[in-house]
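As the structure lists them, so they are numbered: ligands from 1, and atoms in each ligand from 1.
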Amino acid sequence: MEDLRSVLLKHGFSFKKQFGQNFLTDTNLLHAIVSDAGVDENTTVLEIGTGAGALTRALSEKAKRVISFEIDRTLRPVLSETLSGCENTEVRFMDFAKCDLKALEEELGDYVVAANLPYYVTTPIIMRFVEEGKRCRALTVMVQEEVARRFCAKEGTEDYGAVTAAIARRGSCRITRTVPRTLFTPRPNVDSAVVRIDFTEGGFPVKSEKAFRETVRAAFLSRRKTLENNLISVFRLSREDAKAILAEAAVPDAARGETLSPKHLGALSDLLFERGYIKE
Ligand code: SAM
């Protein structure tokens with residue numbers, strides 16, 4: 001295939017910063033992402049952000065089927081050329097945020113997500129699969145390196161936060177590789193990493209998803225405050241009740257939310273739910 005840059009040039013394509021357009025061209029890296037995602041001939045892949053189709057084509061060579069969403073319609077002529085012959089691949093020109101995930105999942109069945117995500121919407125996209133995804137088995141996504149560290153952080157570290165706990169509730173998370181900024185066109189200001197979130201391993205049940213979300217939000221509401229004080233202000237508990245619940249959940253006195261593991265936050269949310277402090 002013609003060099004990707006020449007194809008873009010030929011079609012008069014101009015990069016749009018507002019869509020987070022930083023394209024990949026390194027063939028080894030593209031194949032490495034496909035391999036990290038564990039794609040084989042039985043896999044249906046959902047990609048968000050087709051770009052010029054470099055990753056899409058690499059996915060298409062290994063997968064059963066690829067559905068790829070792209071917001072920028074000006075890429076249509078580029079993609080007709082770069083994805084020619086990819087019979088198992090379909091590009092949908094629309095904002096992924098506007099797609100009905102439930103209907104899409106009914107259409108796809110079990111699937112994995114593989115994508116070099118637009119950085120301005122990384123977390124909302126990931127959280128959508130974490131909170132609403134029913135048939136998604138795993139996400140293997142390129143994100144900014146600092147965001148990747150946040151996703152996979154351990155409790156008690158600076159990177160640990162509400163997003164980490166939400167992801168850990170659903171599955172396991174690891175960085176599969178770091179990627180220098182020099183491998184993107186145009187070059188972004190930060191380095192990146194590929195992160196794999198697996199919904200088929202790790203994770204843990206909670207009595208109420210809503211209670212878990214609210215407990216996590218409260219735990220990280222004010223990092224300078226103790227968990228006890230955050231619970232009091234969010235759930236309007238008396239100090240006595242807050243102390244009793246925390247003792248029952250084996251949370252040490254004066255602990256801060258960020259020191260509790262995701263599972264520990266899950267146990268605390270179960271208690272708050274059972275005692276009626278959080279309602280469904
Ligand atoms: N997959 C390509 C690659 O690896 O070279 C492109 C990746 S680029 C980081 C992100 C792509 O997502 C851009 O092509 C951008 O136009 C597209 N995009 C941005 N926001 C989007 C959205 N809300 N829905 C669908 N695509 C979007």
Side-chain angles (χ1 to χ4, degrees), residues 1-9 11-37 39 45-63 66-83 86 89-101 103-104 112-129 132 139-148 176-196:
M1 192 179 57
E2 219 178 314
D3 172 54
L4 207 58
R5 284 183 197 85
S6 340
V7 180
L8 291 169
L9 201 66
H11 291 284
F13 175 76
S14 51
F15 287 94
K16 292 164 202 71
K17 215 172 173 182
Q18 78 270 25
F19 289 149
Q21 291 179 338
N22 302 99
F23 295 172
L24 291 175
T25 50
D26 186 280
T27 316
N28 290 336
L29 174 61
L30 293 164
H31 290 304
I33 298 171
V34 178
S35 153
D36 290 351
V39 173
V45 183
L46 172 61
E47 184 189 26
I48 297 128
T50 324
L55 180 60
T56 323
R57 179 168 266 281
L59 290 164
S60 155
E61 283 163 10
K62 292 275 180 208
V66 182
I67 302 291
S68 185
F69 283 78
E70 174 53 58
I71 199 169
D72 183 358
R73 285 185 165 74
T74 70
L75 282 162
R76 197 187 280 275
V78 173
L79 288 166
S80 320
E81 189 169 335
T82 58
L83 295 181
C86 296
T89 298
E90 185 194 331
V91 179
R92 296 187 183 171
F93 287 95
M94 68 178 285
D95 178 350
F96 180 71
K98 300 213 171 96
C99 116
D100 177 343
L101 187 59
L104 183 66
V112 302
V113 172
N116 170 20
L117 288 177
Y119 290 164
Y120 75 105
V121 276
T122 301
T123 304
I125 287 177
I126 305 273
M127 288 310 289
R128 209 165 163 209
F129 291 100
E132 298 167 37
L139 295 128
T140 303
V141 287
M142 177 91 74
V143 298
Q144 292 184 30
E145 194 179 0
E146 62 160 289
V147 175
T176 59
R177 64 190 66 244
T178 50
V179 179
R181 64 194 79 181
T182 49
L183 294 185
F184 295 82
T185 307
R187 189 182 293 191
N189 295 326
V190 289
D191 294 322
S192 292
V194 177
V195 128
R196 177 164 165 149

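Residue contact check: D95 has heavy atoms under 4.0 Å from atoms 22 (C), 23 (N), 24 (N) of ligand 1. Residue E47 has at least one heavy-atom neighbour below 4.0 Å for each of these atoms of ligand 1: 1 (N). Close contacts of ligand 1 with M94, meaning ligand atoms under 4.0 Å from a residue heavy atom, involve 24 (N), 25 (C). Ligand 1 places these atoms under 4.0 Å from at least one heavy atom of F96: 22 (C), 23 (N), 24 (N), 25 (C). Which parts of ligand 1 touch G20 is read off a 4.0 Å heavy-atom cut-off, strictly below it: atoms 8 (S), 9 (C), 10 (C). Shown in contact with G51 at under 4.0 Å from a heavy atom are these atoms of ligand 1, numbered in order with element: 2 (C), 6 (C), 14 (O). When each atom of ligand 1 is checked for a heavy atom of Y120 under 4.0 Å away, the hits are 19 (C), 20 (N), 21 (C), 23 (N).
Residue N22 places no N or O, backbone or side chain, under 3.5 Å from any N or O of ligand 1. Looking at ligand 1, you'll find an N or O of G49 within less than 3.5 Å of one of its N or O atoms. Taking only nitrogen or oxygen atoms, main chain and side chain alike, Q21 reaches within less than 3.5 Å of ligand 1. For a threshold of 3.5 Å applied to N or O pairs, the pair formed by A52 and ligand 1 contains no separation below that value.
Shown here are the salt bridge (charged side-chain N to carboxylate O under 4.0 Å, His left out) partners of R177, two or more places apart in sequence or in another chain: D36. For K17, there are no side-chain contact (heavy atoms from CB on, under 4.5 Å) partners, not counting sequence neighbours.
Residue L117 places a heavy atom less than 4.0 Å from ligand 1.
Only backbone heavy atoms of T50 (N, CA, C or O) come within less than 4.0 Å of ligand 1; its side chain stays farther off.
The heavy atom nearest to atom 21 (C) of ligand 1, out of those in L29, L4, I71, is found in I71.
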